[in-house]
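The model shown is predicted, which means the values in this text are computed figures rather than measured ones. Below, each value reflects all heavy atoms present in this structure, side chains not excepted, and no hydrogens, waters or symmetry copies.
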Amino acid sequence: MVLLSVNFYGFAQKELEPFQINNPDYKLSPHTGMTKQHWEDAAMYLLKGAFSYINTLDDPMKFPKQPGKSYPHDEGRVPTEKLEGLCRTLFVAAPLLKENPDLTINNIKVADYYRYQIGLLANPESPSYIVPRSKNGGPSQNLVEFGALAVSMLINPEVLWHPLPDDQKAALSKIMLSYGDGPTVDSNWKFFNIFVLSFFKEQGYKVNEKLLVEYLERSLTHYRGQGWYNDSPAYDYYSMWAFQMYGMVWSEYFGKKYYPEIAEKFINNFEDLKDNYPYLFSKDGKMIMYGRSISYRIGSVIPFPLMGFQDDDTINYGWMRRISSGVIKQFFTHPDFIKDNVPTLGFYGAFEPAVQNYSCRGSVYWMGKAFLGLLVPDDNPFWTATENNGAWEDELKKDNVYNKFQEASEILITDYPNIGASEIRAWCHEKVKDDWQKFRSTENYNRLSYNSAFPWQADGEDGEVAMNYLIKNKNKAWEAFRLYDFKRFEDGMYFRDVVLETDESIKFNLVDIPLANGILRVDRNVSDKPLDIRLGHYALPKFEAGIKVTTKKVKGYEATIIDNGSYQLAMIPVLGWDKTEVVLTTGLHPESNESAVINVTKSETDSDANKVYATLMLWKKSGEKWTKNDLFPLKNIEILGDNAIYINFKNQLTKTINF
């Protein structure tokens with residue numbers, strides 16, 4: 001059966017099926033079957049979906065709005081919406097057009113379409129016209145999209161710029177430079193100005209080189225080490241892949257020629273990421289659902305193919321491609337990824353809690369930056385090396401846990417060989433009242449940790465929580481922790497303090513201890529009042545197998561286990577908790593409408609002497625058996641006065657927590 005839908009222009013279109021890997025090459029790529037050709041196929045898959053809305057050169061890249069907070073909410077934002085669709089789909093098209101300038105989709109010559117639409121941006125009679133920045137105008141979304149357009153034109157001027165008529169070039173340069181030669185945001189946004197100024201300098205225009213150098217040097221000040229930039233104030237995927245991609249592409253296509261000393265600094269920073277960033281992805285090449293702009297998805301892998309521009313025989317290119325192709329498969333083959341022929345705003349399918357209000361439907365094509373990897377030549381080792389699982393093959397051994405602590409950024413990456421999962425703990429310290437964009441204080445950042453096997457679940461109004469604490473605040477509402485302060489990482493333990501936003505007298509000392517099969521939490525409540533407290537494990541989505549709940553007694557403790565046919569999660573209250581409950585939720589999980597999470601709870605009284613909460617949060621793949629040592633790996637745990645906890649594990653490991 002062929003599924004047809006009707007788009008908002010009124011003509012029928014075939015609904016895209018999930019991406020298929022045709023003729024997989026399991027000799028070169030034994031894990032994914034994907035080669036450079038399949039990357040080109042994936043790019044074409046995205047582009048065909050976008051061009052299903054294009055019947056004539058006049059049709060804009062405007063897609064059905066996803067209900068919710070994404071824009072536009074009024075006609076005034078539509079020109080910017082169209083600009084996003086145009087400039088972001090061009091990330092996908094530009095590398096393909098470099099290989100095939102005559103590319104045709106839906107009976108439209110792709111190069112003709114983009115050149116025509118780019119010309120409309122400078123035509124005052126066109127609905128797509130973008131007004132130049134006013135004399136005192138600040139940074140805006142137009143700056144972002146013109147920066148994106150400049151990236152594509154910088155890598156493929158032969159197709160996208162040179163054929164334009166001189167009058168269009170003059171008008172475009174005036175409009176784009178009005179934004180590029182202007183104010184910016186103290187974040188990765190500086191690169192949007194940098195690419196506009198760099199492109200026009202490359203084309204022989206007089207530009208504000210003083211400002212260009214200033215923004216380049218200020219961008220370098222965001223670097224913290226181990227591959228991580230800080231995005232004022234956050235760390236997330238974007239502060240790794242966006243900064244590193246911009247720096248490397250700028251250096252390769254412009255910087256080495258005009259500003260070699262600055263380019264060398266960006267390249268040196270890029271070289272640092274190989275020792276850390278690959279470990280942030282799971283064994284089978286899955287990315288963690290973490291941070292803002294989650295809908296950009298595969299954009300996270302672009303540093304890996306760009307390693308191909310380096311002559312570095314210490315890089316395991318087969319592993320880098322395995323991760324990158326794995327992430328493409330993670331999303332492109334998922335049945336919920338595409339709706340109306342366009343990627344959803346979400347993680348797999350549409351998921352409103354993960355959407356930011358600065359996004360429209362076309363924003364998702366920011367992920368197209370992954371296909372800048374197609375600029376790496378066919379004979380490059382990134383494409384020719386045999387795919388492998390890298391560190392997961394011999395370095396990361398079963399029944400162990402591995403922590404990579406990045407001192408400068410205070411980020412902890414943890415790898416769990418027993419289930420092949422990766423995990424991250426990083427910055428979060430944003431008040432809701434100060435979070436004008438409404439994302440840095442949310443579940444996008446405020447979870448205790450984020451795991452590749454267990455995408456984060458949103459909090460519910462009735463106290464449903466996954467991988468965080470909820471406190472009943474003075475308004476009798478459940479409030480999540482979000483104001484974390486990192487203290488130190490020592491002896492495999494990650495120390496943080498946290499206070500409740502609405503009552504700073506409510507304070508906890510937090511200690512995460514990653515184990516081979518999960519996490520031991522040992523947290524101390526140092527508040528001055530009795531509290532109602534909830535702590536959640538990771539959540540499991542409900543699939544066809546349903547969710548099975550079991551309990552087991554072990555060493556006098558009770559383990560509560562949930563199993564969805566893919567994974568099992570177990571939670572064991574060790575110290576401090578009153579009760580355990582399995583909470584069934586609806587509409588909170590990114591993978592399914594129904595889900596389950598284990599919560600432990602405590603209602604304190606003034607007489608409560610023990611305010612230490614020790615909790616085992618464990619996991620296994622479905623079908624694997626739990627031994628007593630799996631469920632309770634502790635020999636004993638002892639409170640030593642007011643500030644110390646002694647832990648003796650059954651494997652002879654000991655730890656002393658000094659709060």
Taking only Lys NZ, Arg NE, NH1 and NH2, and the carboxylate oxygens of Asp or Glu, determine whether [X] and [Y] approach each other closer than 4.0 Å.
{"X": "Arg496", "Y": "Asp512", "result": "yes"}
{"X": "Glu145", "Y": "Arg88", "result": "yes"}
{"X": "Lys256", "Y": "Glu252", "result": "yes"}

Which residues share a ring-ring contact (aromatic ring centres under 6.0 Å, His included) with [X], sequence neighbours left out:
{"X": "Tyr277", "answer": "Phe281, Phe304"}
{"X": "Trp39", "answer": "Phe382, Trp383"}
{"X": "Tyr71", "answer": "none"}
{"X": "His222", "answer": "Phe243"}

Under 6.0 Å between the ring centres of [X] and [Y]?
{"X": "Phe332", "Y": "Phe337", "result": "yes"}
{"X": "Tyr237", "Y": "Tyr296", "result": "no"}
{"X": "Trp319", "Y": "Tyr279", "result": "yes"}

Tell me yes or no: between the side chains of Asn403 and Tyr494, is some donor less than 3.5 Å from an acceptor?
no
Side chain to side chain contact (heavy atoms under 4.5 Å, CB included) partners of Ser219, counting only residues at least two apart
Lys190, Phe191, Ile194, Phe266
Would you find a donor on one side and an acceptor on the other, under 3.5 Å apart, between the side chain of Gln406 and the backbone of Ile411?
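Between the backbone of Ile411 and the side chain of Gln406 there is a qualifying donor-acceptor contact (under 3.5 Å).
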Stepwise ring-ring contact (aromatic ring centres under 6.0 Å, His included) test for Tyr238 and Trp241:
CA-CA 5 Å; Tyr238 216 52; Trp241 74 256; 5.1 Å; yes
Arg488 to Phe495 six-membered ring, cation-pi geometry met (6.0 Å, 45°):
yes
Can you name the residues that form a side chain to side chain donor-acceptor pair (under 3.5 Å) with Asp231, not counting sequence neighbours?
Asn188, Arg292
Counting neighbours of NZ on Lys655 that are heavy atoms of other residues, nucleotides or ligands and sit closer than 6.0 Å, is the number greater than 12?
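Counting other residues, nucleotides and ligands, NZ of Lys655 exceeds 12 neighbours.
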